[in-house]
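Bear in mind that the values here come from a model prediction, so they are computed numbers and not experimental data.
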Amino acid sequence: MEEGRVVPQSLQQAAAAYEVVREAFGGAISDFDANEFMPFFEVLETEKWPDIALFMRDHPKLKFNYLACLSGVDYPAEEKLGIVCNLESLGVLGHRIAVKVKCARNGGSIPTAAYVWHTANWHEREAFDMFGMQFTGHPDPRRILCPEDWEGFPLRKDYAVQESYHGIKVPY
Amino acid sequence: MGLLDASFSKHNVVVTSVDNVLNWARLSSLWPMGFGLACCAIEMMATNASNYDLERFGIFPRSSPRQSDLMIVAGTVTMKMAERVVRLYEQMPEPRYVLSMGSCSNCGGPYWEHGYHVLKGVDRVIPVDVYVPGCPPRPESLIGGLMKIQELIRMEQIGLSRADALKRLAEKSVDPQQVIERERRAVRA
């Protein structure tokens, strides 16, 4: 942070929330990325993600009761897939933070957060549908938008559309 | 038109009169199936509503394919929806007509290149009689398309295939520019 710059209140709150998580989980999470637009941290030990999520939801100083969005991301250079969870303490503490979780690009899996925030159920299905990472322990791990027998994962950077679907030509 | 086709190969006064009555009845009560797939459906609903009032043409949407003779494909047809559209089309009794409304159902529209999930033109799965361009088309264009369907029905005869009727319709096409010029002159005079 530059000297003399006013740190927005939202960023201060996010940093304070991060410190609480850091204290509890230490090396399992990365350093805090204090950008103004979407302050976030990354979960380095992927299998701890449900514990961290539950902790963030229930800790009296955090109370992230609202999963505003869960997006999938493709990182072809790192050979990884990931999710970004935008969390907010809606109507309780008012602060926001984002959490990134990554897994291997081929056959990788991320433990589900659907039992922590029910919103995650469909969002994780969408991330799976578009990117193809598995969510272990998900209550209903099916595609959500594409047809069940669709080939490939459309939002991957190297996606090439299939030639035909049930005998119908797909490309223009 | 099934069995009747085989019986009438030569046209006489009686048959042509029957043709006229049948065609008049069909084109005066086109019942489209009431379903919309995307934003074009909003324009279709606006066309059905009181401002444009499709009922004056005898057109009003039916809730079942069994009761409809016109399918207005209004909107983006996704690959997932394509098979359902085919099933609905097959459930419609003959003679049935298909109007493809808007760029998406005509050819894929804005999804033509990167829309992996969009069917690039509904004519890949069902035969289309009239295409209405636009994104979405205004109600006037849709009414124009529906009047084209009515013209097509006027071209039909017992024993005449749909392809031949479409050919006759194409032969009777009018250059719209000449009509526009004529109307302009009439207004100025």
Side-chain angles (χ1 to χ4, degrees), chain A residues 69-77 79-84 105-108 120-135 138-172, chain B residues 33 35-41 65 71-92 96 98-129 131-136:
Chain A
C69 192
L70 188 152
S71 324
V73 193
D74 186 13
Y75 306 96
E79 281 292 311
K80 276 184 173 172
L81 294 170
I83 54 170
V84 181
R105 198 152 184 275
N106 292 318
N121 187 324
W122 282 18
H123 277 98
E124 285 178 353
R125 278 177 68 186
E126 190 192 6
F128 161 69
D129 195 356
M130 294 293 140
F131 295 93
M133 72 284 265
Q134 297 289 330
F135 288 92
H138 192 283
D140 188 17
R142 291 179 295 144
R143 280 182 183 270
I144 191 167
L145 296 169
C146 290
E148 297 261 300
D149 51 355
W150 194 254
E151 292 165 22
F153 301 103
L155 289 190
R156 285 197 186 196
K157 299 287 184 196
D158 56 357
Y159 175 71
V161 76
Q162 63 198 60
E163 273 304 307
S164 79
Y165 172 72
H166 291 192
I168 309 166
K169 191 175 163 229
V170 180
Y172 184 72
Chain B
M33 195 162 57
F35 84 116
L37 300 177
C39 27
C40 279
M71 179 188 249
I72 302 178
V73 185
T76 317
V77 187
T78 58
M79 301 307 289
K80 213 172 178 177
M81 192 66 196
E83 290 170 321
R84 277 79 170 170
V85 169
V86 172
R87 176 174 292 186
L88 287 171
Y89 175 76
E90 285 168 352
Q91 284 174 344
M92 286 164 62
R96 53 198 168 191
V98 179
L99 184 146
S100 164
M101 179 184 181
S103 302
C104 290
S105 57
N106 288 348
C107 64
Y111 311 101
W112 71 280
E113 190 172 11
H114 300 294
Y116 56 89
H117 63 301
V118 175
L119 181 69
K120 312 297 186 298
V122 75
D123 50 6
R124 287 193 180 180
V125 289
I126 55 174
V128 176
D129 296 305
Y131 300 85
V132 178
C135 188

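One finds the CE atom of B/Met79 at 7.5 Å from the CD atom of A/Gln162 (value rounded to the nearest 0.5 Å). Taken from CG in B/Leu119 to OH in A/Tyr172, the straight-line distance is 12.0 Å, to the nearest 0.5 Å.
A search for ring pair (Phe, Tyr, Trp, His ring centres under 6.0 Å) contacts involving B/Tyr116 returns A/Tyr159, not counting sequence neighbours. Not counting sequence neighbours, the partners of A/Arg105 by the salt bridge (Lys or Arg N to Asp or Glu O under 4.0 Å) test are A/Asp74, A/Asp158.
Residues of residues 143-152 of chain A that come closer than 4.5 Å to chain B, counting heavy atoms only, are A/Ile144, A/Leu145, A/Cys146, A/Pro147, A/Trp150, ordered by residue number.
The 12-atom threshold is exceeded at NZ of B/Lys80, counting heavy atoms of other residues, nucleotides or ligands nearer than 6.0 Å.
A donor-acceptor pair is defined here as one N or O able to donate and one able to accept, closer than 3.5 Å; no such pair exists between the side chain of B/Lys120 and the backbone of A/Pro171. No donor-acceptor pair closer than 3.5 Å links the side chain of B/Arg124 to the backbone N or O of A/Ile168.
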Quick one: side chains of residues 102-115 of chain B, donor-acceptor pairs under 3.5 Å with protein atoms, not counting sequence neighbours, listed by atom name and distance.
| residue | atom | partner | partner atom | Å |
| --- | --- | --- | --- | --- |
| B/Ser103 | OG | B/Gly134 | O | 3.2 |
| B/Ser105 | OG | B/Val73 | O | 3.2 |
| B/Ser105 | OG | B/Ser100 | OG | 3.1 |
| B/Ser105 | OG | B/Met101 | N | 3.3 |
| B/Ser105 | OG | B/Met101 | O | 2.9 |
| B/Asn106 | OD1 | B/Ser100 | OG | 2.5 |
| B/Asn106 | ND2 | B/Gly102 | O | 3.2 |
| B/Asn106 | ND2 | B/Val132 | O | 3.2 |

